[in-house]
Amino acid sequence: MSEFKIRTSGRIALADITAEVEAAAARAGVRAGLCNVFVRHTTAAVIIAENADPDVSADLLAHLERLVPRDGGFRHGEGNAQAHILSVMLGVSLNVPIEEGRLRLGRWQGVMLAEFDGPRERTVAVSVVPA
Ligand code: ZN
């Protein structure tokens, strides 16, 4: 397992971490296997989304904010219940197949860290399992 840190850019934001994940997976030296990406946070998530058109990210974040409004009458006193809910909905880990030592992503797919309570520094863990 290896880790890298990423500084997010806003309260709610997406950060493309495909290159960092790819580099971490390459360091593992596995030709074929499964790459797990995991964040040890309760107000962030990791997702795979289109990384070509930035409007896709903007639409995604705007829709998530409508789905779970920031002021939703939540009990949690810290004021970031929206972030906790979105983290659970989107998930804190995902897997990508590795083939010939590289992430086997689709042409338009990117691995993104989804920030819901930023900006702040986040830690991403990458584990590679040979298969
Ligand atoms: Zn909280």
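Side-chain atoms are counted along with the backbone in the values below, which use heavy atoms only and exclude waters and symmetry mates.
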Crowding at [atom1], [X] (>12 non-hydrogen neighbours, <6.0 Å):
{"X": "E121", "atom1": "CD", "result": "yes"}
{"X": "R120", "atom1": "CZ", "result": "yes"}
{"X": "D53", "atom1": "CG", "result": "yes"}

Are [Y] and [X] connected into the same hydrophobic cluster when the rule is that any two of I, L, V, M, F, W, Y join if their side-chain heavy atoms are below 4.5 Å apart?
{"X": "I85", "Y": "L14", "value": "yes"}
{"X": "V37", "Y": "L60", "value": "no"}
{"X": "L90", "Y": "L94", "value": "no"}
{"X": "M112", "Y": "V92", "value": "no"}
{"X": "I48", "Y": "V21", "value": "yes"}

**OP:** Go through E50 and Q109 one step at a time and tell me if the side chain to side chain contact (heavy atoms under 4.5 Å, CB included) criterion holds.
**Re:** CA-CA 5 Å; E50 196 202 273; Q109 288 182 318; over 6 Å; no
How long is the straight-line distance from [atom2] of [Y] back to [atom1] of [X], given to the nearest 0.5 Å?
{"X": "D117", "Y": "T42", "atom1": "CG", "atom2": "OG1", "result": "8.5 Å"}
{"X": "L105", "Y": "E99", "atom1": "CG", "atom2": "CD", "result": "11.5 Å"}
{"X": "M89", "Y": "I47", "atom1": "CE", "atom2": "CD1", "result": "12.0 Å"}
{"X": "E78", "Y": "T43", "atom1": "CD", "atom2": "OG1", "result": "8.0 Å"}
{"X": "L103", "Y": "N95", "atom1": "CG", "atom2": "CG", "result": "11.5 Å"}

Original post:
Should R122 and E3 count as an ion pair when the cut-off is N to O under 4.0 Å?
Top reply: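 No salt bridge links R122 with E3.
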Original post:
Is it true that E22 and R102 have a side-chain N and a carboxylate O under 4.0 angstrom from each other?
Top reply: yes
Original post:
So Q82 and I12, side chain to side chain contact (heavy atoms under 4.5 Å, CB included) or not? Walk me through it.
Top reply: CA-CA 10 Å; Q82 178 202 47; I12 290 192; 3.8 Å; yes
**OP:** May I ask you to decide if F38's main-chain N or O and S93's side chain share a donor-acceptor pair within less than 3.5 Å?
**Re:** no
Subject >> Side-chain donor or acceptor of E20 paired with backbone N/O of F4 under 3.5 Å >> reply: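 The answer is no, because no donor-acceptor pair under 3.5 Å joins these two groups.
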Considering all heavy atoms, the nearest [X]-[Y] contact:
{"X": "V46", "Y": "I17", "result": "CG1-CD1, 4.4 Å"}
{"X": "V30", "Y": "I98", "result": "O-CG2, 3.7 Å"}
{"X": "D16", "Y": "T18", "result": "OD1-OG1, 2.6 Å"}
{"X": "C35", "Y": "A25", "result": "SG-CB, 4.2 Å"}
{"X": "A83", "Y": "F116", "result": "CB-O, 3.3 Å"}
{"X": "G10", "Y": "A13", "result": "N-CB, 3.8 Å"}

**OP:** Identify, with sequence neighbours excluded, every residue that meets ring pair (Phe, Tyr, Trp, His ring centres under 6.0 Å) alongside H84.
**Re:** H76
**OP:** In sequence, state the C-alpha distance, the side-chain angles, and the governing distance for R11 and E115, and then conclude on side chain to side chain contact (heavy atoms under 4.5 Å, CB included).
**Re:** CA-CA 7 Å; R11 184 179 64 81; E115 173 64 76; over 6 Å; no
**OP:** Report the C-alpha distance between V126 and N36 in whole Å, list the side-chain angles of each, state the deciding distance to 0.1 Å, and finish with yes or no for side chain to side chain contact (heavy atoms under 4.5 Å, CB included).
**Re:** CA-CA 6 Å; V126 177; N36 176 262; over 6 Å; no
Original post:
Taking the side chain as C-beta and beyond, is there a heavy-atom pair between T8 and L113 under 4.5 Å?
Top reply: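 Yes, close enough: below the 4.5 Å cut-off.
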Original post:
Any side-chain heavy atom of H41 within less than 4.5 Å of one from S87?
Top reply: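 With C-beta onward as the side chain, the pair stays apart.
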